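This report concerns only the one structure given below.
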Amino acid sequence: MASISTGKGLRTARPISARVTLNQRIGRALQHGDIPYKGIIVLAALSVIGLMVGVGVMLWIASSVTRNSDGLGFITATEWNPVSDLFGAMPFIAGTISTSILALVIAIPLGLGVAIFLAELCPPRIRAPLGFLVELLAAIPSVVYGAWGIFVFIPTVVKPVGEFLLNTFGDKSHGIFIPLFEGPFFGASYLAAGLILAVMIVPTITAISRDVLLAVPKAQREGAYGLGSTQWETIWQVVLPYALSGILGAVILGLGRALGETMAVTMVIGNVAQLSTSILSPGYTMASVIANEWGESRTPAYSSALIEIGLMLFFMSLLLNLLARLLVWSVSRRNPDQRV
Amino acid sequence: MTEQPTQAAGMTIVPAGAEPAPRGPAAAPAPKMKTESLSVYYSAFRAVAEVTLPMQDRKITAIIGPSGCGKSTLLRSLNRMNDLVSGSHIEGKVTLDGEDLYAPGVDVVDVRRRIGMVFQRPNPFPKTIYENVAFGPRLYGRISKSEMDDIVERSLRRAALWDEVKDKLKQSGMALSGGQQQRLCIARAVAVEPEVVLMDEPCSALDPVATIKIEELMQELKKEYTIVIVTHNMQQAARVSDFTAMMMMRPDRAGEMIEFSETQTIFTKPKDKRTEDYVSGRFG
């Protein structure tokens with residue numbers, strides 16, 4: 001058999017491997033863009049690794065002065081006095097961690113609540129506009145949040161809340177005394193920073209959790225309803241557990257934002273490098289000290305100290321993301337149906 | 001099942017083997033469930049039109065018909081699953097033991113507990129096998145560990161799954177094969193002791209071997225439960241069911257029931273020409 005109909009040899013039966021020269025192969029690969037495409041993609045992938053390593057190495061080298069002179073003492077020292085060359089990072093580490101935890105404690109129930117409402121309870125007609133508003137909140141620049149924090153949020157929310165906590169738990173002479181709420185309290189504080197961070201990460205947690213909840217298969221809900229579950233039982237015992245790994249992912253993204261947030265925090269936290277047991281006292285965070293003091297860091301040691309704080313923030317985020325991955329992985333491993 | 005009392009709870013139940021004189025649906029005892037000129041709407045669209053269908057106690061009633069004829073909609077209105085679809089409503093009546101399920105004041109949660117459901121695709125929860133079965137009973141109050149162990153074992157035995165999973169109750173229900181998952185879903189449904197079990201094409205996602213297993217299981221289950229099954233597969237309806245309802249889409253796209261009879265009659269001497277065409281494979 002030679003050729004089929006009008007194919008004029010095009011469809012002539014021939015062995016697949018024969019007659020294709022090397023040149024032809026290269027020509028085809030180029031023609032279909034396989035080689036250039038692959039090259040570009042690999043380059044893009046490598047650039048991610050390159051950036052990561054590059055940033056890490058740069059931070060490592062540029063922080064050598066304080067790393068060599070102070071060693072691990074840099075992390076544990078609590079005194080920050082650049083004038084007398086005293087660089088202790090503990091107040092900033094504590095500030096970053098405590099404000100982030102505070103933000104999460106408030107934002108997780110709030111953000112998840114809004115997400116559950118949007119995904120499960122909300123009439124379809126207002127779901128889209130409300131969801132859009134939530135996403136809009138995430139797009140507001142942080143400096144605007146900071147200004148709003150100073151002029152609106154602190155006087156109307158933070159002050160009353162802080163004063164209530166101070167009067168209820170912060171007085172040694174009567175009632176229950178919890179050092180966490182000890183005075184004095186002026187407004188700018190860990191509490192203010194934590195609250196503003198909570199407001200800022202709620203949209204992140206809400207938007208992602210909502211998408212995750214909406215992606216839970218209808219069959220799961222029907223299975224629960226079919227057994228006689230109420231809506232509440234269906235949400236809490238079937239939908240949320242199913243979506244757990246995705247929700248964890250949402251929380252971690254929110255935490256990432258809280259850890260690195262600089263502008264809004266520095267505008268409301270008071271910027272005092274001190275260690276305190278009370279969330280009502282002013283403080284400082286790692287990101288905000290770098291932003292605030294970089295311009296005035298005249299000595300090599302001062303610059304090196306700020307960069308070392310940056311290095312720690314870098315490693316903290318790295319470690320956190322690693323932990324988060326592990327957590328998500330361990331949860332999704334229990335549910336083979338889910339892929340993360 | 002032959003030694004059944006003829007009088008129970010004020011309702012006459014005639015033993016399956018000893019039905020008196022004229023056979024056929026007209027002479028059947030009071031049905032366990034019944035729809036009375038039931039129409040189901042999705043907003044303005046009427047998906048099911050005026051279906052009157054009796055479902056006998058401890059029998060398997062099959063609903064067959066071509067795609068889109070409203071079989072599933074009809075089935076899902078029996079335990080008010082359609083309530084979950086916004087804009088859906090019904091006209092007519094659905095009764096269980098003569099009680100109107102759509103009457104005001106009826107607790108829909110209670111309805112679904114008494115009328116369990118098995119879905120087209122196996123949908124176990126991402127929990128352990130044990131927790132999947134225990135899910136329903138847990139909803140209804142505190143149950144001791146030993147009591148729950150009993151319920152889980154009994155339910156899995158009823159679903160003919162116990163021997164295959166008894167050593168791996170702590171493994172995820174999602175790790176089972178498709179057929180096992182579907183039997184797990186059946187175990188989950190019977191764990192809450194429903195009176196009726198609805199099955200929405202329970203074998204359409206399964207291979208033939210798993211299908212046969214489910215069909216054998218249905219024969220066991222009907223000793224204790226009233227079963228209503230929607231199926232695309234006419235051979236399946238012929239094999240497993242006692243009664244068959246044939247549905248068809250009308251020109252206005254509403255599904256109507258064109259014939260209801262004992263399964264044997266439907267498949268051997270149907271009254272309606274369309275039923276004959278459908279069951280003989282000439283259409284549909």
Side-chain angles (χ1 to χ4, degrees), chain A residues 116-131 209 212-250 327-340, chain B residues 72 75-76 78-87 107-128 131-140 155 170-176 181 184-194 197-200 205:
Chain A
I116 291 171
F117 176 77
L118 284 173
E120 304 288 326
L121 309 170
C122 167
R125 224 178 317 153
I126 56 171
R127 178 184 289 160
L130 210 59
S209 306
V212 169
L213 290 175
L214 286 175
V216 173
K218 211 173 110 209
Q220 289 283 319
R221 293 187 178 85
E222 286 183 339
Y225 284 121
L227 290 168
S229 302
T230 60
Q231 188 170 36
W232 178 255
E233 287 160 344
T234 303
I235 292 171
W236 278 94
Q237 296 179 32
V238 173
V239 177
L240 281 182
Y242 195 95
L244 188 61
S245 65
I247 290 171
L248 277 175
L327 197 66
V328 171
W329 175 75
S330 77
V331 169
S332 57
R333 205 175 43 134
R334 277 190 285 135
N335 310 344
D337 194 48
Q338 290 168 262
R339 274 164 203 83
V340 183
Chain B
S72 287
L75 189 78
R76 295 162 69 89
L78 298 181
N79 69 341
R80 296 187 59 174
M81 270 320 253
N82 278 336
D83 287 17
L84 299 175
V85 182
S86 67
D107 184 2
V108 62
V109 166
D110 192 46
V111 168
R112 295 192 192 129
R113 188 190 173 178
R114 293 175 64 186
I115 308 173
M117 190 155 196
V118 176
F119 298 86
Q120 189 169 355
R121 298 198 140 270
N123 59 345
F125 301 130
K127 301 173 190 285
T128 64
E131 283 304 318
N132 260 284
V133 181
F135 184 90
R138 266 197 225 296
L139 296 173
Y140 306 114
S155 307
K170 297 287 169 217
Q171 284 182 22
S172 170
M174 287 186 155
L176 296 172
Q181 285 189 15
L184 177 61
C185 292
I186 292 172
R188 188 176 69 180
V190 299
V192 297
E193 304 282 348
V197 178
L198 308 177
M199 298 186 169
D200 190 356

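From a predicted model like this one, the values you see are computed outputs, not experimental measurements.
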Donor-acceptor pair between Thr234(A) and Gln231(A) side chains, under 3.5 angstrom: no
Engaged part of Phe119(B) at the chain A interface, taking heavy atoms whose separation is under 4.5 Å: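 When you check distances to chain A, only side chain atoms of Phe119(B) fall under 4.5 Å.
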Contact class of Ile115(B) relative to chain A, heavy atoms under 4.5 angstrom: backbone
Euclidean distance, Arg188(B) CZ relative to Asn123(B) CG, rounded to 0.5 Å: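 It comes to 4.5 Å.
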Atom pair CZ (Phe117(A)) and CG (Leu130(A)), whose distance is rounded to the nearest 0.5 Å: 6.5 Å
Heavy-atom pairs under 4.5 Å with chain A, option from Met117(B), Met81(B), Arg114(B) with the top count: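 Among Met117(B), Met81(B), Arg114(B), the one with the most close pairs to chain A is Met81(B).
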For chain A, the option from Asn79(B), Leu84(B), Val192(B) that forms the most heavy-atom pairs under 4.5 Å: Leu84(B)
Asn132(B) (side chain) donor-acceptor with Pro124(B) (main chain) under 3.5 angstrom: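 Flag not set: sc Asn132(B) to bb Pro124(B) has no pair under 3.5 Å.
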